[in-house]
Amino acid sequence: MAAPNLLIDTLRDAVRRRDRVATNRAVDRLLSAQTALGPEWRRIAELMRVSGEVGLAHRAMDAYVTAAGATPEALFHKVVLLTQTGRLREAHDMLAVMPSARMDPAARAYVLGNTALTLGLIDQGRAELEKVIRDRPGWGPAWVSLASAVNFATDPLGDRLLADLAAAEHQPAGDRARFHYALGKLHHDRGAPDRAFAAFAQGAALLRGALPYSRRGNEAGAEAAMSGFRSGLIEQWQAQQTRRTGRPIFVTGLPRSGTTLVEQILTSHSAVADGGEISLAHHVAVATGGTSGGAIERHLAAGGSTDAMGGLYLHLLEERFGPEGRIVDKTVDNSRFLGLIAAALPDAPLIWMRRDPLDSAWSCFRTFFIHGVAWSYDLADIAHHFALEDRLVDYWQERLGDRLMVVPYPALVDAPEDWTRRILAHCGLAEEEQVHRFHETDRVVATASALQVRRPINRSGIGVAERYREFLQPFVEAYRAAGGTVER
């Protein structure tokens, strides 16, 4: 076994060269040697998590916990890693039995509350989050989570929210923004659209200051995603792929367009193991050098292969979900990776969800996205982004033909049995009764639509923007100016 210092130098060199294989090998050797790295193991765990190497991330975190003597702080870091890598049940159960004497009670209750809500344990989640607001009045992160689980029209908790407004104004901008999103939900539930819109707009303005939207950057990303794919090129690359690549099912579209609904339908099938917003195509793009046809050509000319590109995606998929069953990848920005996905994973079905643009715009504007969506904080920016996505779907429909199935959300809601059968057929899945009762499926749903998909399909999401049409005119005007269509 090599000396520890030599192994550490090898790891640093591999990271500097951005050599994934060498980095993984170096981390594995350090772990196997039980190298005494103390708190450095936590940094290595984060490096592995960010690169999608979930197995090594958890091994490194376990080494950190051991080195720290399994203190509550170290164990809490492990809980956080479990939540970040989709192992929410394990995180929730672990935190629930951890000794709490040396932990911040509000932090513990906040994580327990959010994991409970994500697992569908609504009453338990609410109880934990109410502990947080008793300890930290006006704290936006707890309130925005509670708002997702409460109907403020009838729930007395809304009066507590209003009473916390003064305390919220003393919070940092990000926390204050979250409070205003919760306040917007309260006014929406209580039928006051003017107050609701004002609260959502105030929350969005606070977030926009911290995360400005780059129209030029977004345009450049969209242009790259559609450039260099001359006729026959994707088919040529697909023919070079020797692996079976049908395990993933890609469901893309704008946020709040029905992607989580389709994910829930598909994951109710016995052949589909799980799904989520997993952002794995990004890693393939980094390894390839970009998303354009030109970037892929240069990568292949330099010795790369579609086998390796597809292999990296499938490897990372197995890291996250294990080897069994098909997986739904519903990462919303996969629209920017469709050329890469089509070339490297020729057997993977592709689905694009579309929703009425006004309903979609309003739903995006009023939603607090946990990971930050810069274009959603301004109505004209929403229109700009929507117009780019319109161009992308039109381009890829023409380029990919029947391989890309476009599903209109209103049509799915109006004829769910018919569209569910069509979606199953597109994905090569046999008809099964339970997919029509998807709301009964017990699984983790870690998106803003988590509670909606636990109910049967209904029309509650149709026409949601109508009460707010007068406030949404900046979107309507900007979207029409960009070539979009909004019904009057």
Side-chain angles (χ1 to χ4, degrees), residues 1-68 77-78 80-82 84-87 237 240-245 247-248 278-292 294-323 327 329 331 337 340-341 343-345:
M1 180 64 69
N5 287 343
L6 180 59
L7 290 177
I8 293 169
D9 289 342
T10 301
L11 173 59
R12 288 173 176 159
D13 179 64
V15 171
R16 180 184 57 79
R17 292 185 288 108
R18 298 184 179 181
D19 186 329
R20 178 184 290 269
V21 173
T23 298
N24 292 353
R25 186 184 302 119
V27 171
D28 179 66
R29 292 180 70 188
L30 284 166
L31 287 163
S32 297
Q34 298 183 346
T35 310
L37 296 181
E40 288 299 317
W41 278 122
R42 183 182 159 204
R43 296 184 180 89
I44 292 173
E46 177 63 7
L47 171 68
M48 294 292 96
R49 181 194 71 80
V50 170
S51 64
E53 300 292 345
V54 173
L56 287 171
H58 283 288
R59 288 176 62 194
M61 182 58 74
D62 286 341
Y64 164 70
V65 170
T66 299
H77 285 304
K78 179 172 181 175
V80 171
L81 178 62
L82 288 167
Q84 292 171 328
T85 55
R87 292 163 60 174
W237 292 331
Q240 298 169 11
Q241 177 61 266
T242 63
R243 301 172 184 266
R244 289 184 173 182
T245 60
R247 187 183 185 198
I278 51 180
S279 301
L280 299 186
H282 167 77
H283 295 292
V284 182
V286 170
T288 303
T291 60
S292 68
I296 297 172
E297 283 194 293
R298 289 189 292 274
H299 177 70
L300 297 179
S305 68
T306 55
D307 256 11
M309 291 161 59
L312 174 58
Y313 180 93
L314 295 171
H315 160 70
L316 296 176
L317 199 69
E318 185 168 337
E319 283 286 297
R320 179 70 179 258
F321 295 102
I327 303 296
D329 182 340
T331 309
F337 302 97
L340 197 68
I341 291 166
L345 300 161

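Remember, it's a predicted structure, so these values are computed and weren't measured experimentally.
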With a 4.5 Å heavy-atom cut-off, do [X] and [Y] have their side chains touching?
X: Thr331; Y: Phe337; result: no
X: Leu37; Y: Ile8; result: yes
X: Met309; Y: Leu300; result: yes
X: Asp329; Y: Tyr313; result: yes
X: Leu317; Y: Ile278; result: yes
X: Asp62; Y: Arg59; result: no
X: Leu81; Y: Gln84; result: yes

Gap between atom [atom2] of [Y] and atom [atom1] of [X] - 0.5 Å precision:
X: Thr23; Y: Asp28; atom1: OG1; atom2: CG; answer: 12.5 Å
X: Phe321; Y: Thr85; atom1: CZ; atom2: OG1; answer: 10.0 Å
X: Leu11; Y: Leu6; atom1: CG; atom2: CG; answer: 11.5 Å
X: Leu314; Y: Arg243; atom1: CG; atom2: CZ; answer: 7.0 Å

Is the backbone N or O of Leu30 less than 3.5 Å from a side-chain atom of Thr35, with the two atoms forming a donor-acceptor pair by type?
->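 Checking the backbone N and O of Leu30 against the side chain of Thr35, a donor-acceptor pair under 3.5 Å is found.
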Donor-acceptor contact present, side-chain Gln241 to main-chain Thr306, <3.5 Å =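 Between the backbone of Thr306 and the side chain of Gln241 there is a qualifying donor-acceptor contact (under 3.5 Å).
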Excluding sequence neighbours, so at least two apart, what forms salt bridge (charged side-chain N to carboxylate O under 4.0 Å, His left out) with [X]?
X: Arg320; value: none
X: Arg247; value: none
X: Arg244; value: none

Side chain to side chain donor-acceptor pair (under 3.5 Å): which pairs involve residues 295-304, sequence neighbours left out?
->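 Those involving residues 295-304 are Arg230-Glu297.
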Might you point out which heavy atoms bring [X] and [Y] nearest each other, and give the distance in Å?
X: Leu345; Y: Pro248; result: CD1-CG, 4.4 Å
X: Glu319; Y: Val54; result: OE1-N, 3.1 Å
X: Val284; Y: Leu312; result: CA-CD2, 4.1 Å
X: Ala57; Y: Arg49; result: CB-N, 3.7 Å
X: Ala60; Y: Ile44; result: CB-CG2, 4.1 Å
X: Ala343; Y: Trp237; result: CB-CE3, 3.5 Å

Report the residues that fulfil side-chain contact (heavy atoms from CB on, under 4.5 Å) with Ser51, sequence neighbours left out, ordered by chain and then residue number.
->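 So Ser51 forms a side-chain contact (heavy atoms from CB on, under 4.5 Å) with Arg20, Met48, Glu53.
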Greater than 12 external heavy atoms within 6.0 Å of Gln240's CD |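 Atom CD in Gln240 is packed in, count exceeds 12.
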Sequence neighbours left out, what passes side chain to side chain donor-acceptor pair (under 3.5 Å) with Asp19? Give chain and number order.
->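 Asp19 satisfies side chain to side chain donor-acceptor pair (under 3.5 Å) with Arg17 only.
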Kindly indicate, with the supporting measurements, whether the criterion salt bridge (charged side-chain N to carboxylate O under 4.0 Å, His left out) is fulfilled by Asp13 and Arg16.
-> CA-CA 5 Å; Asp13 179 64; Arg16 180 184 57 79; 2.5 Å; yes
Before giving the answer on side-chain contact (heavy atoms from CB on, under 4.5 Å), spell out for Trp41 and Leu31 the whole-Å C-alpha distance, their side-chain angles and the decisive distance to 0.1 Å.
-> CA-CA 9 Å; Trp41 278 122; Leu31 287 163; 3.5 Å; yes
Apply salt bridge (charged side-chain N to carboxylate O under 4.0 Å, His left out) to Glu46 and Arg43, showing your working.
-> CA-CA 5 Å; Glu46 177 63 7; Arg43 296 184 180 89; over 6 Å; no
